[in-house]
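Read the structure below first, then the notes.
Only heavy atoms go into these numbers, but all of them, side chains included; no hydrogens, no water, no symmetry mates. Being a predicted model, the structure only gives us computed values, none of them experimental.
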Amino acid sequence: MQTKPSCMIFRNALNKTLRLFLRITLLFISPALYAQQTSFSVIPEPVYIKKGNGGVNISPATTINYPDELKASGELLNEAIRSYTGTLLAVNTRPQANQLLLKLDSVVVKEKEGYHLLIEDDQILIMGHDQAGIFYGIQSLMQLWSLHTKNSLRVEKGEIRDYPRFNYRGMHLDVGRHMYSVAFLKKFIDLLAVYKFNVFHWHLTEDQGWRIEIKKYPKLQSVSAWRDGTIIGHKKEAPHTFDSVKYGGYYTQDQIREVVRYAASKYVNILPEIEMPGHALAALAAYPQLGCTGGPYKTAQFWGVFDDVFCAGNEEVYQFMEDVLDEVIGLFPYAYVHIGGDECPKLKWKHCVKCQQKIKENGLKDEQELQGYFMKRIEKYLNSKNRKAVGWDEVLEGGVSRNTTIMNWRGEQSGIAAAKEKYEVIMTPENMLYFDYYQSLDKNEPVAAGNYTPLSKVYGYEPVPDSLSPEQAAYIKGVQGGIWTEYMKDEKHLEYMVFPRALALSEIAWSDKKGKNYPWFLEKLRHHRDFMNRMKVNYYPYFDEITSEIKPGANGTPVLTLKTTFPKGQIRYTLDGSVPGLKSKLYQGPVLLNRSMVLNAGLFVGNKRSGKVFNQAFLYHSAIQKKISLAHAPAGKYNFPAGLLLNGIEGHHRFNDSQWLGFSGENLEALIDLGALTPVSHIGINVLHYPWQRMWAPKKLSFLVSVDGKEFKEVYSGGNFDLNGINKVRAKFPLLNVRYLKIIGENIGRVPVGGYGEGEKAWLMADEIIIN
């Protein structure tokens, strides 16, 4: 799926733009840092790497040898060396001792984009299968050298043989919600190139802003590119408030060409995305005749999914999309165009005369097949222009041809299903690879979309499931990270969310899965702090954190275990809520949870605390670790074990801590067995009410108790839990000796008329059940 830039494009790009890249990107490595290394440290991890004995110097006496077709790569390497030593090396076209030699050899290096790097006494050889391979070999070499003297570099002897696991290694960026400067986009591409990504998925249109200049439709620039204000805080909070500051802009076609050329010089293809038929409010604001109702419409000021979409029964819409795609194709040489297809409500289509007529004319079954008709028409048009379509996994529901590549954002299962049906798949599951999720459970983290994807979870993802046969697995063409920018107002915040998780993804995308090693990856990250510091990346710095797990202990009393990924670190903790210091208790084994407490733990390296303080509140009650069963299984990304409802940990209002169980359209029906007759007078549960997340508190809650598990007595029934956020339901009643308890929460079923996501299944979100 890769389109290789031509040598001519590469050479033309080696101008002041490339020199800026060199000044910024190629100054990465700290001499002191790499002097400490005992082994080669390259991210992503090479296929084969072997460190030799001793090292060689790159000095003013060293020459560079390369053929004419590698002139751009040779100049790139020479400029990198000059950025350290202040001296350009002489270029020698004849082999000799003490040289840097660049060489193409597709016979010796059989794999596309592959390279061999050999560092010996008399020369440093970079041999590539193709020009991209030479480029990646240079990136690896730059991660290995250090300043030896004022005008020379030192490189440890050794050998690397390397090539990518996947030929699609992507990173997505949404500029519809918040947009970023061309200079930042180049910096972003620089970082992708350093870590051997080769696709930049540029998400250009959204409900909140249209970001690409389309000359045939000037109102896309004057109207669609702007919104009158932006929501303040998280969309789950109600009522919504807005800043009333006009926000927007767009990239001119000249700017887009500039970014495309720049990316090509780094062997990065750009995949443009034009959303359709949903996420269209910004476009409809400018051209209301393209909607089902004719408007008026307004560019969205808050985040979410909106019922107003392109009218699939209106022929003018198809002409509009073809005109837009004509200009997009003229700007982006990549063989693929992303056409969206996700999150398209069908509500307006159900009541649209034109849409219903289109269904009838084409013998379609329903609105779902109407979307399939829409996407197939666009796909066919792209094919006529020698382009292939990429779509989010919803496009499978209405049906598209196998010429369409699928991105399975909603989870791994849709990607597995697509591969089994012989669709090319780019694995992009949001629960693993979306970097708008929180990377820490620290309550002081800046607002994010939701959920929790730490660095370890990203690194542990395997994009080719065992459930696929070798033939089916061949349809997994690559992997991609997602960056949705609702809550990333500026470039520093974006960097903080993306790095270093993107580095973990680089090893998933490039490295052989057998060579992945998380402790070694963390060790490399500790070295690469300086890498990112020199690039002035505002990365998340807490690579080593404390994690916890609650386990059953003796006599049913739970214990909490603590771990850290830092091998030389010590954990000290307190149980009174105070901040741990050097005199606090040293963690040497599990902590007994026999009472309610607040545990704070710190990671100490030497005499200093490193990173954030780990905090865990524990609520002790009579049902801790007791047996519990559910009549209906939790769903989707909230499908967690029932035991979490009785683990003593109350979920956070951000619902990102894997404590909330979610029931999609189903009731909560929990049966608890205390194991013996137990005096009970208090029962409680926490439920979420966030209608703007489609999370609705139960319309009714009932608590029932029983001696024998057959005859139950209701001790509480209530409703109207309409506090926006966590509703803590607590019931007190006369003391009873009981063994079994039932907790029943009635789901509202479907989001009511006028609610966000009208007609969709409602989530019932439940957390800790408390019994005393």
(Q) Can you tell whether the side chains of Arg410 and Glu397 come within less than 4.0 Å, N to carboxylate O? (A) yes
Q: Decide whether Asp190 and Tyr262 meet the rule of one side-chain donor and one side-chain acceptor closer than 3.5 Å.
A: yes
Q.
Just by distance, no angles: are the side chains of Ser181 and Glu491 close enough, under 3.5 Å, to form a donor-acceptor pair?
A. yes
(Q) Given 3.5 Å as the limit, does a donor-acceptor pair link the side chain of Asn408 with the main chain of Thr428, or not? (A) yes
Q | Heavy-atom side-chain contact between Thr453 and Val458 under 4.5 Å | A | yes
Q: Would you tell me whether Glu430 and Tyr437 have side-chain atoms, one donor and one acceptor, within less than 3.5 Å of each other?
A: yes
Q. Will you find, in the side chains of Tyr381 and Asp326, an N or O donor that is under 3.5 Å from an N or O acceptor?
A. yes
(Q) When you compare the side chains of Glu206 and Trp484, does any donor N or O come within less than 3.5 Å of an acceptor on the partner? (A) no
Q | Flag for Arg377-Tyr318: side-chain donor and acceptor within less than 3.5 Å | A | no
Q) Which atoms form the tightest heavy-atom contact between Lys215 and Glu213, and what is the distance? A) NZ-OE2, 3.3 Å
Q | Check: Phe200 ring centroid to Phe188 ring centroid under 6.0 Å | A | yes
Q) For residues Tyr251 and Glu258, is any side-chain donor paired with an opposing acceptor at under 3.5 Å? A) no
Q) Crowded around Lys354 NZ? As in, over 12 foreign heavy atoms under 6.0 Å? A) no
Q) Would one find more than 12 heavy atoms of other residues, nucleotides or ligands at under 6.0 Å from atom NZ of Lys761? A) no
Q. Run the side chain to side chain contact (heavy atoms under 4.5 Å, CB included) check on Phe302 and Phe242 step by step: do they pass?
A. CA-CA 8 Å; Phe302 59 98; Phe242 302 88; 3.9 Å; yes
Q: Would you tell me whether Gln319 and Asp323 have side-chain atoms, one donor and one acceptor, within less than 3.5 Å of each other?
A: yes
Q | Donor on one side chain, acceptor on other, Gln301 and Arg227, under 3.5 Å | A | no
